[in-house]
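Both ligands and their constituent atoms are indexed starting at 1 by order of listing. Positions are given from 1, in the same order as the sequence printed here. Hydrogens, waters and symmetry mates play no part in the numbers below; they use all other heavy atoms, side chains included.
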Amino acid sequence: MVDFDLFGPEKVLQVCDKKIGLNGFVVIDNTVLGPGKGGIRMTPTVSVDEVSRLARAMTWKNALAELPFGGAKSGICADSHSISQIQKAKLVGKFAKMLKSVCPSKYIAAPDIGTAEKEMAVFSKTIGSLNACTGKPAELGGLPHELGSTGFGVSIATKVAAKFAGMDLSNSTIAIEGFGNVGSFAAKYLAKSGAKIVAVSDIHGMVYNGNEGLDVEKLIELKDSKKSVIECGNGIIMPKHDIVSMPVDILIPAAIPDLIIGCDVRSVKAKIIIEGSNIPISPEFEKELLIKRGTIIVPDIIANAGGVISSYIEYIGGSEKKMFEMVEEKISKNTELILKNSQRNATTPRETALEIAKQRILEKSHQASTETIKATALACSEKIASFNKSN
Ligand code: NAD
């Protein structure tokens with residue numbers, strides 16, 4: 001069941017083709033600021049409800065990053081691991097064909113779980129526009145995922161939050177949950193800034209070295225050779241969920257949703273949490289952490305916006321250099337803004353961020369309707385003048 005409110009969704013489209021087994025949908029949540037932007041999720045269980053919540057998160061993320069995009073997301077029900085590359089291309093190609101009326105004017109796609117640059121090449125070629133999606137291969141003007149824009153943005157949010165808390169980053173300790181694209185690049189950039197990464201986890205477990213810290217280069221080598229971080233050989237191996245309660249200054253969730261739930265609130269020791277993953281803590285537990293533990297939390301819609309900012313740079317044909325500059329500029333400005341405002345207004349950083357996002361959308365919407373009224377009034381007065389003249 002999709003919830004509707006003042007902000008959207010504007011359109012929910014479902015497309016099916018029994019012959020090739022396509023069942024897909026797109027939720028265009030809000031296009032006040034520009035065409036809805038959001039990835040294509042390909043999983044066996046993806047639902048309209050899941051996609052609509054993700055589309056709404058994109059509406060807020062894009063408004064906060066001040067990008068000329070609205071929010072959207074789409075889904076194709078299929079098991080991307082068990083179908084062939086040819087079948088995947090067939091599904092994505094047919095999906096694109098059926099979305100031609102809204103893409104790229106109202107919807108711009110991107111990779112998400114189960115889709116990557118190969119699928120984006122099929123999508124944009126079928127639509128017949130390079131603006132139909134971002135995350136394309138480099139030969140089609142794409143900015144590679146391997147640049148680590150999201151992890152870089154997370155490292156920027158961490159620096160700003162540490163400064164806000166009066167913490168010296170080069171004397172601080174950090175734990176990172178998940179060592180994929182987001183976690184490994186956040187670790188790389190933070191280690192470069194002098195922070196000590198003392199705990200890291202992946203699907204197999206967690207490794208902790210509170211004294212010397214972990215060797216980030218070595219961890220990246222392990223990840224690149226498809227090995228687990230627990231094989232690094234210079235720390236204590238512990239269950240992966242224990243990362244939540246490690247005695248560190250900063251905790252960076254960068255893997256699963258709902259990492260921190262009710263019973264974890266008491267055991268969190270980090271003074272700062274930077275949300276690299278999507279919804280690692282529900283708004284309710286974020287509030288509890290702030291009230292009971294005084295934890296400073298930079299929410300996902302601010303901290304992990306590096307990916308969508310990089311998509312925008314690809315969309316306008318910008319360079320890698322420009323991408324890093326824009327991620328740094330927008331994420332540092334927004335992190336500082338929401339932390340200062342939430343302190344002043346005694347609200348959570350997420351509540352502050354949502355307030356700003358809503359205000360930006362409503363202002364633009366008001367401006368657009370005022371312009372429409374003005375244009376209509378002008379057209380009417382011109383018609384009356386010409387009628388009077390001819391009579
Ligand atoms: P990824 O697939 O590259 O890496 C995921 C990592 O998490 C892997 O190291 C995996 O072993 C680990 N992991 C999985 N389950 C775990 C568990 N239970 N405990 C600890 N580790 C676990 O994924 P990613 O691209 O790094 O994305 C991570 C999160 O960030 C996701 O929630 C994603 O939606 C979100 N995100 C990613 C981007 C991006 O640009 N990649 C942008 C915004 C948000």
- prompt: Does the ring center of Phe152 lie less than 6.0 Å from the ring center of Tyr189?
  reply: yes
- prompt: Can you find a side-chain donor-acceptor pair between Thr126 and Lys100 that sits under 3.5 Å?
  reply: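 No pair is found: no donor N or O on one side chain lies under 3.5 Å from an acceptor on the other.
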Check ion pair Glu329-Lys333 (N to O, under 4.0 angstrom):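 No.
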Those residues that, when tested against Lys90, pass side-chain hydrogen bond (donor to acceptor under 3.5 Å, both in side chains) (two or more places apart):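 Applying side-chain hydrogen bond (donor to acceptor under 3.5 Å, both in side chains) to Lys90 gives none.
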query: Taking only residues two or more places apart in sequence or in another chain, which ones pass side-chain hydrogen bond (donor to acceptor under 3.5 Å, both in side chains) with Tyr312?
result: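 Once residues adjacent in sequence are excluded, Tyr312 has no partner under the side-chain hydrogen bond (donor to acceptor under 3.5 Å, both in side chains) criterion.
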Distance-only check: which donor-acceptor pairs under 3.5 Å involve side-chain atoms of residues 22-30, not counting sequence neighbours?
unit_1 : atom_1 : unit_2 : atom_2 : d
Asn23  : OD1    : Gln14  : NE2    : 2.9
Asp29  : OD1    : Arg56  : NE     : 3.4
Asp29  : OD1    : Arg56  : NH2    : 3.2
Asp29  : OD2    : Arg56  : NE     : 2.7
Asp29  : OD2    : Thr59  : OG1    : 2.6
Asn30  : OD1    : Val32  : N      : 2.9
Asn30  : ND2    : Phe7   : O      : 2.7

Pairs under 3.5 angstrom, nitrogen or oxygen on both sides, ligand 1 versus protein: list them out, please.
unit_1   : atom_1 : unit_2 : atom_2 : d
ligand 1 : 3 (O)  : Asn181 : N      : 2.9
ligand 1 : 9 (O)  : Phe179 : N      : 3.1
ligand 1 : 9 (O)  : Gly180 : N      : 3.3
ligand 1 : 11 (O) : Ile203 : N      : 3.0
ligand 1 : 26 (O) : Asn181 : N      : 3.1
ligand 1 : 26 (O) : Val182 : N      : 2.9
ligand 1 : 32 (O) : Ala255 : O      : 3.0
ligand 1 : 34 (O) : Asn278 : ND2    : 3.3
ligand 1 : 40 (O) : Thr150 : OG1    : 2.7

